[in-house]
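In what follows, a structure is listed as C-alpha cells, so that the remarks can point back to it.
Hydrogens, waters and symmetry mates play no part in the numbers below; they use all other heavy atoms, side chains included. Fair warning: this is a prediction, and the values are worked out from it, not measured in the lab. All chains are named by letter (A, B, ...) in the order of the sequence lines, taking the proteins before the strands, and each is independently numbered beginning at 1.
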2 protein chains.
Amino acid sequence: MGFALLGLLAQEPLSGYDLKLRMERRVGNFWSAGHSQIYPELARLEGEGMVEHRVVEQQDRPDKKVYTITDTGLHELKEWVTAPVEPGVVRDELVLKAYSVWLADPEKAVTLFRDQQRLHKEQLLRYEEIGAWMEEEWGEDLYRLDSPRFAIYATLQRGISYERGYTEWCAWLAYRLESGVRGGGARA
Amino acid sequence: MGFALLGLLAQEPLSGYDLKLRMERRVGNFWSAGHSQIYPELARLEGEGMVEHRVVEQQDRPDKKVYTITDTGLHELKEWVTAPVEPGVVRDELVLKAYSVWLADPEKAVTLFRDQQRLHKEQLLRYEEIGAWMEEEWGEDLYRLDSPRFAIYATLQRGISYERGYTEWCAWLAYRLESGVRGGGARA
DNA sequence: TAACCCATGTAAACGGTTACATGATTTC
DNA sequence: GAAATCATGTAACCGTTTACATGGGTTA
C-alpha cells in the first residue's frame with residue numbers, strides 16, 4: 001500500500017486528504033484505500049524517512065499536513081518499480097458464481113451476466129473517453145517514458161483491456177445461457 | 001469463501017484435504033484458499049447446517065471426514081449464484097508499478113514487462129490446451145446448462161480472456177518502453 | 001533415512017473495511 | 001437549520017496468509 005502513496009507523492013506534494021480523494025478514485029484504476037488506512041500509513045512512511053510533512057495553515061479551512069517524498073522514498077520507489085513480482089491470487093466473485101451457474105435458473109443467470117456486461121461496457125466506454133481525452137490533451141507526453149502522463153496512460157490501457165475482456169466474457173456466457181440446453185437433451 | 005467450498009461440494013462429496021487440493025489449484029482459476037482457512041470454514045458451514053460429514057476409516061492412510069452438501073446448503077448456494085454482486089476492488093501490483101514506471105530505468109522496466117508477458121502467455125497456452133481437451137472429451141456437455149462441466153468451461157473461458165488481455169497489455173507496454181523517448185525530446 | 005504425501009487442526013500476524021470520533025466552514 | 005466539504009485521526013472487526021503442531025505411511 002505504501003508504494004501507492006509514494007507513487008502519488010512522486011508526482012506532487014499532497015495532504016492526507018488529497019491522497020484520500022485520489023485513492024478513492026482508484027490509483028491507476030487498480031488500487032484503492034480508505035482514509036483510515038492512509039493516515040497511519042503516512043505516519044509509518046514518515047517514520048521510515050520515506051516522506052516528510054509540513055503544516056500548511058489555512059484561514060477558511062482546517063490546517064493540513066502536506067507530505068513530500070524524500071530522496072530515500074524516491075529511491076525505494078524506483079527500486080520497487082522494476083523489482084520482480086510474485087503472481088498474486090486473483091479473486092473474482094462473479095467468476096466464482098459462474099462456477100456454480102449450472103445449479104441456477106438460467107433466466108436469472110442471464111439477467112445477472114447481462115447486467116454485469118452492461119456495467120463493464122459502461123466502464124470501458126468511460127475509460128476510452130478518458131483515453132481519447134489524454135491523447136488529445138497530452139499528445140507527445142504519452143510517448144515520453146519519464147513523464148507521469150505516460151505512466152497514467154499505461155495503467156488506463158490495462159483498464160481498457162480488462163474491461164473489454166470482461167465485457168466479452170459476460171456476453172459470451174449470457175449468450176450461451178440464452179441459447180443453451182437444459183437436461184439430458186442433445187444440442188443441435 | 002464458504003460458497004467456493006459449497007460450489008465444490010455441490011458436484012461431489014469431498015474431504016477437507018480434497019477441498020484443499022482443489023482450492024490450491026484455484027477453483028475456476030479465480031479463487032483460492034489454504035487449508036488453515038478450509039477446516040474452520042467447514043466447521044462453520046456444518047454449524048449452519050449447510051454441510052454434514054461422516055468419518056471414513058482407511059487402513060493405509062489416516063481416517064478422513066467426508067463432507068456432503070445438505071439441501072439447505074444447496075438452496076443457499078443456488079440463491080447466491082444469481083444474487084447481484086457489488087463491484088469489488090481490483091488490486092494488481094504490476095499495474096501499480098506501471099503507475100510509477102516513468103521513474104524507472106526503461107531497460108529494467110522492459111525486462112519486467114517482457115517477463116510478465118511470457119508468464120501470462122504461458123498461462124494462456126495452458127488454459128487453451130485445457131479448453132481444447134474439454135471440447136474433445138466433454139463435447140455436448142459443454143452446452144448443457146445444468147452440467148457442472150458447462151460451468152467449469154465457462155470459468156476457464158474467463159481465464160483465457162483474462163490472460164489474453166494481460167499478455168497483450170504487457171506486450172504493448174514493453175514495446176512502448178523499447179521504442180519510446182526519454183526527456184524533453186520530440187517523438188517521430 | 002530423508003523427503004514427501006495424507007490428514008486435520010490451532011495461533012499469530014497482517015492487511016483492509018467499517019465504524020467511531022471531532023470540529024470548523026460553506027452551501028442549499 | 002441541515003447537509004456537504006475539508007481535515008485528521010483511532011478502534012474494532014473480518015478475511016487471508018504464514019507459522020506452529022502432530023503423526024502414520026509411502027517413495028526415493
Requested in this report: May I ask you to say whether B:Glu178 pairs ionically with B:Arg114, meaning some side-chain N is under 4.0 Å from a carboxylate O?
Outcome: yes
Query - Between P of C:dG15 and CG of B:Leu96, the distance in whole Å - result: 15 Å
Requested in this report: Could you check how far CD of B:Glu57 sits from C1' of C:dC6, rounded to whole Å?
Outcome: 16 Å
Report summary line: Closest of C:dG16, D:dA19, D:dT8 to the B:His35 side chain is D:dA19
Query raised in the report: Reckon B:Lys65 touches a base, only the sugar-phosphate, or nothing at all at heavy-atom distances under 4.0 Å?
Result: sugar-phosphate
Report task. Check the distance between C:dT10's P and B:Ile38's CD1 and give it to me in whole angstrom. Result -> 14 Å
Query - Which atom of A:Val81 lies closest to which atom of B:Leu112, heavy atoms considered - result: O-CD2, 3.3 Å
**Report entry** Most 5' of B:Asp63 and A:Met1 on DNA chain C, judged by nearest nucleotide
**Finding:** B:Asp63
Query - Atom-pair distance (CZ on B:Arg44; C1' on C:dG9), nearest Å - result: 18 Å
Query raised in the report: Under 6.0 Å between the ring centres of B:Tyr127 and B:Tyr162?
Result: no
**Report entry** Residue A:Val89, side-chain atoms from C-beta onward, closest of D:dT17, C:dC5, D:dA7
**Finding:** D:dT17
Requested in this report: Answer yes or no: does a side-chain N or O of A:Tyr17 lie under 4.0 Å from OP1 or OP2 of D:dC6?
Outcome: yes
Query raised in the report: Looking just at side-chain N and O atoms, do B:Arg164 and B:Thr167 make a donor-acceptor pair shorter than 3.5 Å?
Result: no
Query raised in the report: Think B:Gln37 has a side-chain N or O under 4.0 angstrom from the OP1 or OP2 of D:dG15?
Result: no
Query raised in the report: OP1 or OP2 of D:dT17 sitting under 4.0 Å from any side-chain N/O of A:Arg91?
Result: yes
Query raised in the report: Looking at B:Gln58, does any N or O in its side chain come under 4.0 Å of the phosphate oxygens OP1/OP2 on C:dC6?
Result: no
Report summary line: B:Leu14 CG to C:dT8 C1', in whole Å, measures 16 Å
Query raised in the report: Once you round it to whole Å, what is the distance between P of C:dT10 and CD of B:Glu41?
Result: 13 Å
Report summary line: A:Tyr39 has its side chain closest, among D:dG9, C:dG16, C:dT26, to D:dG9
Query raised in the report: Does one side chain, of B:Glu93 or A:Trp80, offer a donor that lies under 3.5 Å from an acceptor on the other?
Result: yes
Query raised in the report: Checking only heavy atoms, does the side chain of A:Ser36 share a donor-acceptor pair with the base of C:dT18 at less than 3.5 Å?
Result: yes
Query raised in the report: Whole-Å distance between D:dT18 C1' and A:Glu86 CD?
Result: 14 Å
Requested in this report: Ignoring backbone atoms, test whether B:Arg61 places a side-chain nitrogen or oxygen under 4.0 Å from the OP1 or OP2 oxygen of C:dT8.
Outcome: no
Requested in this report: Check the distance between C:dA7's P and B:Arg22's CZ and give it to me in whole angstrom.
Outcome: 12 Å
Report summary line: Between B:Pro62 and A:Pro62, whichever has its closest DNA chain C nucleotide further toward 5' is B:Pro62
